[in-house]
Amino acid sequence: MKLLLSTLIAFPTIALAGGPYSQATVIPWKPKNATSVDVSTVVNGTYYLSDRTNGIVHIVDLSTSTETGSISGFVGAHIVNGSLDKPTSGPAGMLGIPGRNELYVGDGDGSVKVIDLSTNKIVDKIQLDIKKRADEMAFDAKRNLAIVTGPDDDIASIWFISVTDRKIVGNLTFPNATNGVEKPAWNPTDGLLYLSVPETDANPGGEIDVIDPSTFKVTKILPVSECSSHGIAFGQSQQLLLACSQDSILAYNVAHTLIMNVTTGNITATINGVGGGDGVVYNPTTNYFYVADYQDQANGSKTGAPDPKLAIIDAGTGTLVQTIVTDNITAQSVAVDPTSNKLIVPIAAKGIVIYDLSNSTTPSGTPSGTPSVSGNAPAATTSSSGATRSGFVSIFALIGAAIVAGTLWV
Ligand SMILES: *[C@@H]1O[C@H](CO)[C@@H](O)[C@H](O)[C@H]1NC(C)=O
Ligand SMILES: *[C@@H]1O[C@H](CO)[C@@H](O)[C@H](O)[C@H]1NC(C)=O
Ligand SMILES: *[C@@H]1O[C@H](CO)[C@@H](O)[C@H](O)[C@H]1NC(C)=O
Ligand SMILES: *[C@@H]1O[C@H](CO)[C@@H](O)[C@H](O)[C@H]1NC(C)=O
Ligand SMILES: *[C@@H]1O[C@H](CO)[C@@H](O)[C@H](O)[C@H]1NC(C)=O
Ligand SMILES: *[C@@H]1O[C@H](CO)[C@@H](O)[C@H](O)[C@H]1NC(C)=O
Ligand SMILES: *[C@@H]1O[C@H](CO)[C@@H](O)[C@H](O)[C@H]1NC(C)=O
Ligand SMILES: *[C@@H]1O[C@H](CO)[C@@H](O)[C@H](O)[C@H]1NC(C)=O
Ligand SMILES: *[C@@H]1O[C@H](CO)[C@@H](O)[C@H](O)[C@H]1NC(C)=O
Ligand SMILES: *[C@@H]1O[C@H](CO)[C@@H](O)[C@H](O)[C@H]1NC(C)=O
């Protein structure tokens, strides 16, 4: 044990040097190469991705890393004056409904299409009172409600749907939101809904609105500065990660990611050098957040070159674990399987890319054959006071150290 400990101390950053994830499989696009996608999610080991270019949801079995089919019946790419109009195209946001083997998918006609996952067919359509797309979603597990945003109509709104009878039970408009609304996230700790609002007159850097899903009322507003958040995700109790968007780079010349304690609304960690984000997902198995920073720019500067990446952040310490070079076209979306820990990112020039969490690591820290994976960027620093690496990462360092020492620890 003493030897093991000293070996570990001698190689304290082995697991972090290149990062624990490496590219494993690329599933080429079909039928056409996609240039516009939206939300992705993993439901019980199966990955689903909204593809606006092809007007389908891709289905990938993560146990074999193969595309097993697709879901059709969406409005597809709506071309306006030669380019794809995101607010009227679909599919968009999606949500797996626990206990029902159903997937809700937002479409460009303001409806939510209900997919039966045993047949992968649309079995119902819930029309919201909006004209443009039904988009981001969250699930209230206490009240069995699907919460769906309508971000692109003249006044942004959210809709509460009872998943037991597929009826709209409430709605709420956001006349103060001057740049739409983004991701809603339900908090299991207090049973309330948190909504990412990128910009209001009162809070130009954005705010998180706290909503009571039993009264359909905003109960509290948590202001944020210099963020203009898009994706948000809960990690550990009361911990909310905010993916600050490219708007904050353009307005404030700052690229960063924030972690908020929603009890106080205080920012508890600022991860510098990673911004321009959209999708974000939390994996409780690794205790990592995965942020799709597809519109990041070099040096967090509005004149900086495009610097798209996927950022992996340790929720325990609020520090950057790894960055992976992606693209500024389709890499706005990120999903993780909490069972296999596989990470999935759509990349326009490649396809649907699956990254594996390696359980061993090399001393150089550079995963072989994966030039697109880089280590902790020098520019990326953190102001989090957390200093202890999570036990999870330490175990990888331990295994790595044992391998370096040429000793079998089994
Ligand atoms: C399409 O282009 C025409 C000509 O430039 C313009 O008048 C029209 O407003 C555009 N339509 C939309 C929906 O942007
Ligand atoms: C995943 O599978 C479990 C066990 O079969 C089931 O209870 C659960 O509802 C499923 N989750 C979803 C989102 O379908
Ligand atoms: C939306 O909510 C308002 C009350 O806030 C209600 O009057 C209206 O009927 C609701 N719309 C729908 C389509 O449920
Ligand atoms: C809208 O903004 C006004 C002025 O800042 C504020 O008093 C009000 O509470 C806001 N309403 C909502 C629903 O956020
Ligand atoms: C959040 O803040 C509350 C109140 O200060 C504190 O008790 C709690 O430990 C904090 N939680 C996190 C995850 O930082
Ligand atoms: C956290 O929030 C509380 C209440 O809003 C405030 O009094 C306190 O100073 C904040 N703490 C830090 C460290 O910012
Ligand atoms: C800006 O970023 C680029 C690429 O990361 C780097 O080479 C350059 O030195 C940076 N410039 C400044 C002024 O920091
Ligand atoms: C995306 O990045 C490429 C360089 O890789 C750049 O030429 C292009 O302008 C960028 N597109 C946008 C919309 O920023
Ligand atoms: C689709 O993408 C693949 C992989 O990048 C590329 O080889 C192929 O030429 C592309 N096809 C079209 C029609 O652009
Ligand atoms: C990781 O662990 C699994 C299960 O223990 C094993 O099958 C696999 O070969 C390991 N992978 C590496 C790269 O060591």
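Each ligand, and each atom within it, is numbered from 1 in the order the structure gives.
Summarising the local packing, CG of N266 is surrounded by more than 12 heavy atoms from other residues, nucleotides or ligands at distances under 6.0 Å.
Here is the list of ligand 9 atoms found below 4.0 Å of a heavy atom in A349: 4 (C), 5 (O).
Within the 4.0 angstrom cut-off, atom 11 (N) of ligand 1 has one or more protein heavy-atom neighbours. The nearest protein heavy atom to atom 7 (O) of ligand 9 is not closer than 4.0 Å.
One finds the CG atom of D327 at 9.5 Å from the CD atom of Q332 (value rounded to the nearest 0.5 Å). Atom NE2 of H230 and atom CD of Q295 lie 7.5 Å apart (nearest 0.5 Å). One finds the CG atom of L258 at 4.5 Å from the CD1 atom of I267 (value rounded to the nearest 0.5 Å).
Heavy-atom proximity to atom 2 (O) of ligand 6, evaluated over N266, L222, I267, is greatest for N266. Nearest to atom 3 (C) of ligand 1 by heavy atom, out of V80, N81, T88, is N81.
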(request) Could you walk me through whether I126 and I168 pass the side chain to side chain contact (heavy atoms under 4.5 Å, CB included) test, one step at a time? (result) CA-CA 8 Å; I126 305 161; I168 296 169; 4.2 Å; yes

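Residue K350 places no N or O, backbone or side chain, under 3.5 Å from any N or O of ligand 9.
Between D107 and R133, no side-chain nitrogen of the basic residue sits less than 4.0 Å from a carboxylate oxygen of the acidic one, so the salt-bridge criterion is not met.
Residue, atom and distance of the protein heavy atom nearest to atom 5 (O) of ligand 6 are T264 O, 3.9 Å. The protein non-hydrogen atom at the shortest distance from atom 14 (O) of ligand 9 is N33 ND2, 3.3 Å.
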